[in-house]
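Quick notes on the structure that follows.
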2 protein chains.
Amino acid sequence: MKQTFSISDLAREFDITPRTIRHYEAEGLITPARDGQRRIYSGRDRVRLALVLRGKRLGFSLAEAKEIIDLYSAPQGEAFQLRTLLEKLDEKREMLEDKRRDLDAAISNMDKYAARCRDRLGEVRTRREAAE
Amino acid sequence: MKQTFSISDLAREFDITPRTIRHYEAEGLITPARDGQRRIYSGRDRVRLALVLRGKRLGFSLAEAKEIIDLYSAPQGEAFQLRTLLEKLDEKREMLEDKRRDLDAAISNMDKYAARCRDRLGEVRTRREAAE
DNA sequence: ACTTACGTTTACGTTAACGTAAACTTCGAG
DNA sequence: CTCGAAGTTTACGTTAACGTAAACGTAAGT
């Protein structure tokens, strides 16, 4: 079950270039194991990569994505650590919810506009039929 | 009711620099009226600016934002125009819904993780109390 | 042994989205 | 009339996120 991946495996799967993956490593977002020089990516590495790409799609910079993703591999040692981790998670969660509000507004905005367009289209048709 | 705004009015309101607003104009995102040299922004200009900024927060490039926003001021002439407009709207809507799925996944992901953290915190507390 | 495919590092190039600075105008307050 | 605040254009600078190319190593197939 100990699946591993080459850099081009992941590049193919996520439709990005190896260069991009190396760049993420240079920025500290992924830290694959090595077989000599060659990079070897574990399942966890793959998950992190997926998280980075999702972060990007949502408009986060690599640095912001790293901040969020690193929380998922933070040390879960004692009460104090867990408390501050929960605080940070809550902070990021609010960021995400802000984005969701923006997104919902954008969607409902567009829906209303599309409805008005369909109304107009109905009118145009009626006019055309009346002219026959 | 014919509210107008100076460039620094809008810069203050949206917490950006005049330079940024001029840049958006150079990219064709806003087209304010002029009083001689001076730019004069209408309420509609202000709305477009708000849309641009929301687009940016959602991770769109200025070019993508322009594509979407321009749909809102597309000519609503005849049936054909309205049809293609509705098609484009539907296409953009799907993009937004994709983003929404990503976002929901990110949030629920984080929620589950936070729940596990709270459980751990509970265990730590219990252990500590048992030690007293 | 030779080619082909994939991997590596190093380093300079590119694009988007502004920042920054210079040099100038215009306008209301003192 | 002079000064300061806000506006303008023009143009070069900067940062993030890679792209691209050079120069090289390695392992498998023919």
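Numbers restart at 1 for each chain; the letters A, B, ... are given by sequence-line order, proteins then strands. Since we're looking at a predicted model, the values are computed, not measured.
Scanning for salt bridge (Lys or Arg N to Asp or Glu O under 4.0 Å) contacts around B/D104 gives A/R100, B/R100, with sequence neighbours left out. Not counting sequence neighbours, the partners of B/T17 by the side-chain hydrogen bond (donor to acceptor under 3.5 Å, both in side chains) test are B/T20. Shown here are the side-chain hydrogen bond (donor to acceptor under 3.5 Å, both in side chains) partners of B/Q76, two or more places apart in sequence or in another chain: A/Y113. In this structure, A/R44 has no salt bridge (Lys or Arg N to Asp or Glu O under 4.0 Å) partners at least two apart in sequence or on a different chain. Here B/D102 pairs with A/R57 under the salt bridge (Lys or Arg N to Asp or Glu O under 4.0 Å) rule; sequence neighbours left out. Annotation: salt bridge (Lys or Arg N to Asp or Glu O under 4.0 Å) contacts of A/E64 (sequence neighbours excluded): none.
Near-neighbour residues of DNA chain D inside residues 43-60 of chain A, defined by a heavy atom below 4.0 Å, number-ordered: A/K56.
Under the side-chain hydrogen bond (donor to acceptor under 3.5 Å, both in side chains) criterion, the residue pairs touching residues 65-75 of chain B are B/R48-B/D70, B/R48-B/S73, B/K66-B/D70, B/E67-B/K92, with sequence neighbours excluded. Judged as a salt bridge (Lys or Arg N to Asp or Glu O under 4.0 Å), the pairs with a partner in residues 13-23 of chain A (not counting sequence neighbours) are, in order, A/E13-A/R46. Residue pairs that meet the salt bridge (Lys or Arg N to Asp or Glu O under 4.0 Å) test with at least one member in residues 82-91 of chain B, sequence neighbours left out, do not exist here.
Counting only distance, with no hydrogens or angles, the side chain of A/D98 and the backbone of A/M95 share no donor-acceptor pair below 3.5 Å.
Dashed line: the shortest gap from a side-chain N or O of B/Y24 to OP1 or OP2 of C/dA17 is not under 4.0 Å.
When rounded to the nearest whole Å, the span between CD1 of B/I21 and C1' of C/dC18 equals 13 Å. Regarding B/D35, its CG atom lies at a distance of 13 Å from the C1' atom of C/dT25, rounded to whole Å.
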Can you check nucleotides 6-8 of chain D for protein contacts, nitrogen or oxygen pairs under 3.5 Å, and list what you find?
unit_1, atom_1, unit_2, atom_2, d
D/dG7, OP1, B/S6, OG, 3.2
D/dG7, OP1, B/S8, N, 3.2
D/dG7, OP1, B/S8, OG, 2.3
D/dG7, OP2, B/S8, OG, 3.0
D/dT8, OP1, B/R39, N, 2.9
D/dT8, OP1, B/R39, NE, 2.8
D/dT8, OP2, B/R22, NE, 3.2
D/dT8, OP2, B/R22, NH2, 2.8

Is there any protein nitrogen or oxygen under 3.5 Å from a nitrogen or oxygen in nucleotides 19-21 of chain C, and what are the pairs?
unit_1, atom_1, unit_2, atom_2, d
C/dG19, OP2, B/T17, OG1, 2.8
C/dG19, OP2, B/T20, OG1, 3.2
C/dG19, N7, B/R19, NE, 3.3
C/dG19, O6, B/R19, NH2, 3.0
C/dT20, O4, B/R19, NE, 3.1

